[in-house]
Amino acid sequence: MSEMRAPKGTFDTLPPASAQFVAVRDTLTAPLRRAGYGYVETPVFEDTSVFARGVGESTDVVAKEMYTFSDRGGRSLTLRPELTAGLMRAFIEHRLHTGGLPVKLWTVGSAFRYERPQAGRFRHFTQVDCEALGVDDPALDAEVVALGVQGFRDLGLTDWQLQLTSLGDSTCRPQYRELLTAFLARLDLDEDTRRRAEINPLRVLDDKRPEVQAQLTDAPLMVDHLSDSARAHHDAVRQHLTDLGVAWVEAPRLVRGLDYYTKTTFEFVHGGLGAQSAIGGGGGYAGLSAALGGPDLPGIGWAMGVDRTLLAVQAEGLDVAVAAGVRAFVVPLGAEAKRFAVRFVGQLREAGVAADTVYGDRGLKGAMKAADRSGATHAVVVGDRDLAAGVAQLKDLRSQEQTAVPLGELLSVVRDTVGP
RNA sequence: GUGGGUGUAGCUCAGCUGGUAGAGCGCCAGGUUGUGAUCCUGGAUGUCGCGGGUUCAAGUCCCGUCACUCACCCCA
C-alpha cells in the first residue's frame with residue numbers, strides 16, 4: 001500500500017460515483033442559469049483581508065479555520081473558506097454596481113477550512129454560490145430562496161426542510177443583542193460558553209447540549225424584537241414564498257456563523273446526514289459591500305454544499321447520475337480488424353454514438369469481457385474472416401442474438417440499433 | 001482544540017480465553033484455439049497501520065504513535 005494519501009479531511013471523487021457529483025452540481029446550478037444569473041469565476045485564493053473584513057474577524061472561520069500563507073512576494077493570501085467574499089470583492093473591483101441593479105451572479109468551486117473532519121464536514125469542499133446584489137426587496141429574497149429550493153426539487157430530494165428567520169437590521173439587532181446578553185448573564189454556563197456569549201451571544205441560542213437548551217426556553221428571540229421595517233420585510237418575504245409555493249419552518253433560533261448576515265436568514269437541513277445536517281444556507285447581508293470598501297449596497301444570497309447534497313441524495317437512495325459509459329463496443333480479431341475497429345469507433349463517435357473498443361492485446365475473450373464491463377448494450381465483433389466476407393457481427397449483449405451486417409450498412413445499422 | 005470508536009487481501013469483514021492468517025466479493029487463467037454476463041475448475045495478492053514492551057511464542061495482552069471515523073465546537 002502506498003504512503004501517499006489525500007490530505008486529512010479531503011477525499012477523491014472517482015468513477016462511477018463522480019457521475020453523481022457532476023449531476024448534483026449541475027442540477028443545483030441549472031435554476032440559476034435559467035433565471036438569468038451570470039457566471040463569475042474568481043481565484044481560489046484571495047488577499048487575506050478580503051476574508052478577515054468580509055467574513056468577520058470574530059468568526060471561527062476567520063479566527064481559526066483559514067488556510068493562510070505568504071507567497072514569495074511576502075503577501076498574505078488565504079485559500080477561500082467560502083465563496084461570497086471573493087465574489088463581492090470582484091463585484092466591487094469591477095464596479096458592477098454601475099450597471100442595472102440588481103446584479104445577479106453565481107459561481108461554483110472549491111472552498112477550504114481547517115477543521116476537524118467528521119461526517120459531511122471536510123477541509124476541502126465544493127459549494128454552489130448564488131448572489132443578488134444592489135436591491136433591497138423582499139421579493140428578491142424570495143426569488144433567491146426559491147432558486148435553491150428548485151435545485152433540491154429537481155434532484156428529487158424530499159427529506160429536507162427550509163428553516164427561515166430574520167436576524168434584524170442595524171436598528172434593532174444591537175438592542176436585541178443587549179437584551180440577550182443580559183439574559184445569558186443570569187444563566188449557569190460554563191466558561192467556554194460564556195466566552196462565546198461575549199463574541200456572539202446569538203450563537204449560544206443554537207447550542208445543542210440539552211443542559212444549555214433547558215435554560216434557554218425563556219430566552220428573548222430576535223423575531224419578537226424586529227424593527228418595523230425589518231418586521232415588514234420579513235412578512236413580505238414569507239408572503240412571496242407562499243406565492244411561490246415554497247414551504248418553510250420558522251426557526252427563531254437559527255444562527256449563522258458568518259458575521260455579515262442581516263434580515264432574511266435561512267438554512268436548508270436534511271434528515272439523513274448526521275450532525276452536519278445543513279446542505280445549504282444563506283441570507284441577506286447589508287453591510288458586506290461597505291465592509292470591503294465598496295458602495296453601501298445590500299445583497300442576498302446562499303451557498304449550497306455540493307458534497308453534502310450528494311450525501312443527501314445517497315441517503316435517499318436517489319439515482320441522479322446520467323447514464324455513464326458507452327452504447328456500442330467494437331471487438332476486433334486480428335490485425336486488419338484492429339485497424340477497422342479503431343477507424344469504426346471514430347466514425348461511431350463522430351455520428352454521435354457513444355462507443356469504445358479494446359486496447360492492449362487481450363484476446364477475444366478478454367475483449368468481450370471489456371465489452372460487458374463497458375456497459376454497452378451491443379458489441380460489434382469483427383475478425384479478419386468477417387472483413388474478407390464484407391460483414392461484421394452485431395451482437396445484442398442482453399439477448400445474445402448475433403447477426404451479420406454488411407460493412408456498407410454497419411454505421412447506420414449500429415446507430416439505429418443502439419441509439420445515441 | 002476536546003472526547004468516543006475503529007485499523008487484518010483491491011473491497012466488505014471473520015479470527016474464541018496468546019500457538020507465526022481465513023471467507024465472500026472482485027481480479028487473473030482454464031473449461032469454450034471466433035464470443036461477455038451465468039455455471040464449473042484452478043490461481044495470485046497481506047511489512048495483520050507503525051514503533052516499543054510482556055512472553056518460549058503476539059493479529060490477539062500492555063504502552064506510545066499515526067491514520068480513519070463519529071460527536072462537541074463550528075458550518076456547506
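Quick note on labels: first sequence line is chain A, next is B, and so on, each numbered from 1. Bear in mind the structure is a predicted one, so any value in this text is a computation, not a measurement.
- Distance CZ (A:Phe51) to P (B:rA76): 14 Å, rounded to an integer number of Å.
- Residue A:Glu65 is in sugar-phosphate contact alone, with no base atom involved, counting any heavy-atom pair closer than 4.0 Å across all strands shown.
- Closest non-hydrogen pair, A:Asp206 versus A:Val255, comes out as OD2-O, 3.9 Å.
- When all heavy atoms are compared, the tightest approach of A:Glu131 to A:Thr84 is OE2-OG1, 2.9 Å.
- Backbone-only engagement by A:Asp207 is indicated by non-hydrogen atom pairs under 4.0 Å involving sugar-phosphate atoms exclusively.
- Using a 4.0 Å heavy-atom distance criterion, A:Gly120 is classed as a base contact.
- The backbone N or O of A:Glu65 sits nowhere less than 3.5 Å from a side-chain atom of A:Arg113 that would complete a donor-acceptor pair.
- Across all strands, A:Ile279 comes closer than 4.0 Å only to sugar-phosphate atoms, never to a base (heavy-atom distances).
- Phosphate contact (OP1/OP2 of B:rA37, side-chain N/O of A:Lys369, threshold under 4.0 Å): present.
- Regarding A:Arg194, its CZ atom lies at a distance of 18 Å from the C1' atom of B:rC73, rounded to whole Å.
- Rounded to an integer number of Å, the gap from CZ of A:Arg5 to C1' of B:rC68 is 7 Å.
- A:Arg196 comes within 4.0 angstrom of the backbone, heavy atoms only, and of no base.
- For A:Arg308, counting side-chain heavy atoms from C-beta on, the closest listed nucleotide (B:rA37, B:rA76, B:rG3) is B:rA76.
- In this structure, B:rG10 forms a base pair with B:rC25, meeting either the Watson-Crick or the G-U wobble geometry with both donor-acceptor distances under 3.5 Å.
- For A:Leu273 and B:rA71, the CG to P distance is 10 Å, given to the nearest whole Å.
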Verdict with reasoning, A:Glu316 to A:His270, per side chain to side chain donor-acceptor pair (under 3.5 Å):
CA-CA 10 Å; A:Glu316 292 198 29; A:His270 193 272; 2.8 Å; yes

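- Among the atoms of the strands shown, base atoms are found under 4.0 Å from some heavy atom of A:Gln402.
- Remark: B:rA57 base-pairs with no nucleotide in the shown strands. Criterion, Watson-Crick or G-U wobble with two distances under 3.5 Å.
- Regarding A:Phe112, its CZ atom lies at a distance of 24 Å from the P atom of B:rC74, rounded to whole Å.
- Distance alone, capped at 3.5 Å, is enough to place a donor-acceptor pair between the A:Thr309 side chain and the A:Gly305 backbone.
- Atoms CD (A:Glu401) and P (B:rG36) sit 17 Å apart, rounded to a whole Å.
- Across all strands shown, A:Ala371 has no heavy atoms under 4.0 Å from either base or sugar-phosphate atoms.
- If you check every strand for non-hydrogen atoms under 4.0 Å, A:Phe329 touches nothing.
- Nucleic acid contact class of A:Arg113 (heavy atoms, under 4.0 Å, all strands): base.
- Between A:Arg121 and B:rU69 there is no side-chain N or O to OP1 or OP2 distance below 4.0 Å.
- Atom P of B:rU38 sits at a distance of 12 Å from the matching atom of B:rC28, rounded to the whole Å.
- Under the 3.5 Å distance criterion, the side-chain polar atoms of A:Glu46 are left unmatched by any main-chain donor or acceptor of A:Arg80.
- The distance between atom CD of A:Gln118 and atom P of B:rC72, rounded to the nearest whole Å, is 6 Å.
- Counting distance only, with no hydrogens placed and no angle test, the side-chain atoms of A:Gln400 and the base atoms of B:rA37 include a donor-acceptor pair under 3.5 Å.
- Base-pair partner of B:rU2: B:rA71 (Watson-Crick or G-U wobble, both distances under 3.5 Å).
- With distances taken from any side-chain atom of A:Lys365 to the nucleotides B:rC72, B:rG31, B:rC68, the minimum falls on B:rG31.
- Within 4.0 Å (heavy atoms only), A:Lys8 reaches sugar-phosphate atoms of the nucleic acid but no base atom.
- Distance CG (A:Leu155) to P (B:rA76): 19 Å, rounded to an integer number of Å.
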